Amino acid sequence: MPELPEVETVRRGLERELVGKRIKSVEVTGMRSIRRHKNKNEFAGRLEGVKVKSVKRRGKYLVIHLDSSELLVVHMRMSGQLRRAQPKDPLDKHTHVVITFTQGGQLRFVDPRTFGEMFLTAPDVLSSQIPELADLGFDPVDEPLAVTEFARRLLGRPGVKLKTLLMDQSFMAGVGNIYSDEILWESGLRFDRTPSQLSNMEIRRLFRAIVEILHEGIKHRGSTLADQQYVDVAGKPGDYQQFHAVYDRTGLACRRCRGIIAREKFAGRSTFFCPDCQV
DNA sequence: ACGCCCGCCTGTAAGC
DNA sequence: TGCTTACAGGCGGGCG
């Protein structure tokens, strides 16, 4: 499911929903979602009675700061959802964790494919020191680089194909299969170009496209595809799919040059691009 | 050290 | 209609 714009949309929803609330009880029905923990009681026990201080994001990770000084880290992988609910609401089939607050509402972790997970870290670590997050590169929305520094880092990986680099979470955190294709279209660059082939102007275009596309994605509350897998905390789908230039638009006319959008397998992932204006 | 491919799961859509 | 196959917003590990 979610890349940076979707995770940021969820983060904003959680911030509004959770900050200041105290956890009353935690019910775990799927151990796989909390697989780093020994058992349900150990996980639940560390959460019960604790208050939510703030909700942060790094790349595709959500980091919920608690007044116990522990951090609850959530990654939704392909199909995870965090949903606000009331105790009386019927349980979705793939609900694995239900957190109930003393104020009455609930936060539910729903995840059909069970790739997603949540875990509590040891107390008092900065989010950059969480081992799972330590290898992440810069977050282009939260900690944008100067273009000169971006160029320096890009040229440090001279032979790697651009799509691979954009999706490499240790180079830059937050971009996945949809937004890498959209960024490359906006840049006018093919997925298989490499940094060493790029002119200064092309590097600047790529840099600007990263920032622009991700902010546009956030502004339109992320992308929800036909399967409706991605929804925000309130269950609402995003709108950004309407603005996709290439993703899932095989055979349609390019919005820029009227060429026909092509689809190719690259590094095991479906890759969409305009063969005429991406060079 | 790097890139590629699989496995992890369930659900859906396309293909025969 | 019904069975089979391919594929899906991610990522870690094993392999060459």
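Chain letters run A, B, ... following the sequence lines, proteins first and then strands; every chain starts at 1. Computed from heavy atoms alone, side chains included, the values below leave out hydrogens, waters and symmetry copies. Just so you know, these numbers come straight off a predicted model, no measurement behind them.
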Below 4.0 angstrom from OP1 or OP2 of dC9(B), is there any side-chain N or O of H94(A)?
-> no

Under-4.0 Å side-chain N/O to phosphate OP1/OP2 contact, K93(A) with dC9(B) = no

For [X] and [Y], test the side chains for any donor-to-acceptor distance below 3.5 angstrom and give the result as yes or no.
| X | Y | value |
| --- | --- | --- |
| R221(A) | T9(A) | no |
| E216(A) | Y179(A) | no |
| S170(A) | D135(A) | no |

Between N or O atoms, less than 3.5 Å apart, protein on one side and nucleotides 11-13 of chain C on the other: list the pairs.
from, atom 1, to, atom 2, distance (Å)
dC11(C), OP1, H75(A), NE2, 2.9
dC11(C), OP2, K60(A), NZ, 2.9

Short N-O contact, [X] and [Y], less than 4.0 angstrom:
| X | Y | value |
| --- | --- | --- |
| R83(A) | D92(A) | no |
| E48(A) | K24(A) | no |
| R256(A) | D276(A) | no |
| R57(A) | D139(A) | yes |

Short side-chain to backbone donor-acceptor contact, D181(A) and Y247(A), under 3.5 Å = no

Which whole-number value in Å describes the distance from [X] [atom1] to [N] [atom2]?
| X | N | atom1 | atom2 | answer |
| --- | --- | --- | --- | --- |
| M76(A) | dG10(C) | CE | C1' | 12 Å |
| D168(A) | dA1(B) | CG | P | 14 Å |
| F191(A) | dC4(B) | CZ | C1' | 15 Å |
| F115(A) | dC7(C) | CZ | P | 16 Å |
| R32(A) | dG10(C) | CZ | P | 16 Å |
| Q81(A) | dG10(C) | CD | C1' | 16 Å |
| Q228(A) | dG11(B) | CD | C1' | 14 Å |
| E264(A) | dC7(C) | CD | P | 14 Å |

Over all strands shown, is [X] touching base, sugar-phosphate only, or nothing at heavy-atom distances under 4.0 angstrom?
| X | value |
| --- | --- |
| K265(A) | sugar-phosphate |
| D227(A) | base |
| Y247(A) | sugar-phosphate |
| R263(A) | sugar-phosphate |

Separation between the P atoms of dC9(B) and dG13(C), rounded to whole Å | 15 Å

Spacing of the P atoms in dC6(B) and dA6(C) (rounded, Å) = 12 Å

Looking at dG10(C), dT10(B), dC7(C), which one has an atom nearest to any side-chain atom of M78(A)?
-> dG10(C)

Which nucleotide in dC9(B), dC7(C), dG3(B) has an atom nearest any side-chain atom of R113(A) | dC9(B)

Is V52(A) reachable from V98(A) through a run of I, L, V, M, F, W or Y residues, each pair having side-chain heavy atoms under 4.5 Å apart?
-> no

Pairs counted as Watson-Crick or G-U wobble with both distances under 3.5 Å: what dot-bracket string results for DNA chain C, using | for bases tied to another strand?
-> .|||||||.|||||||

List in chain and number order the residues that pass salt bridge (charged side-chain N to carboxylate O under 4.0 Å, His left out) with R36(A), two or more places apart in sequence or in another chain; answer none if no residue qualifies.
-> E117(A), E132(A)

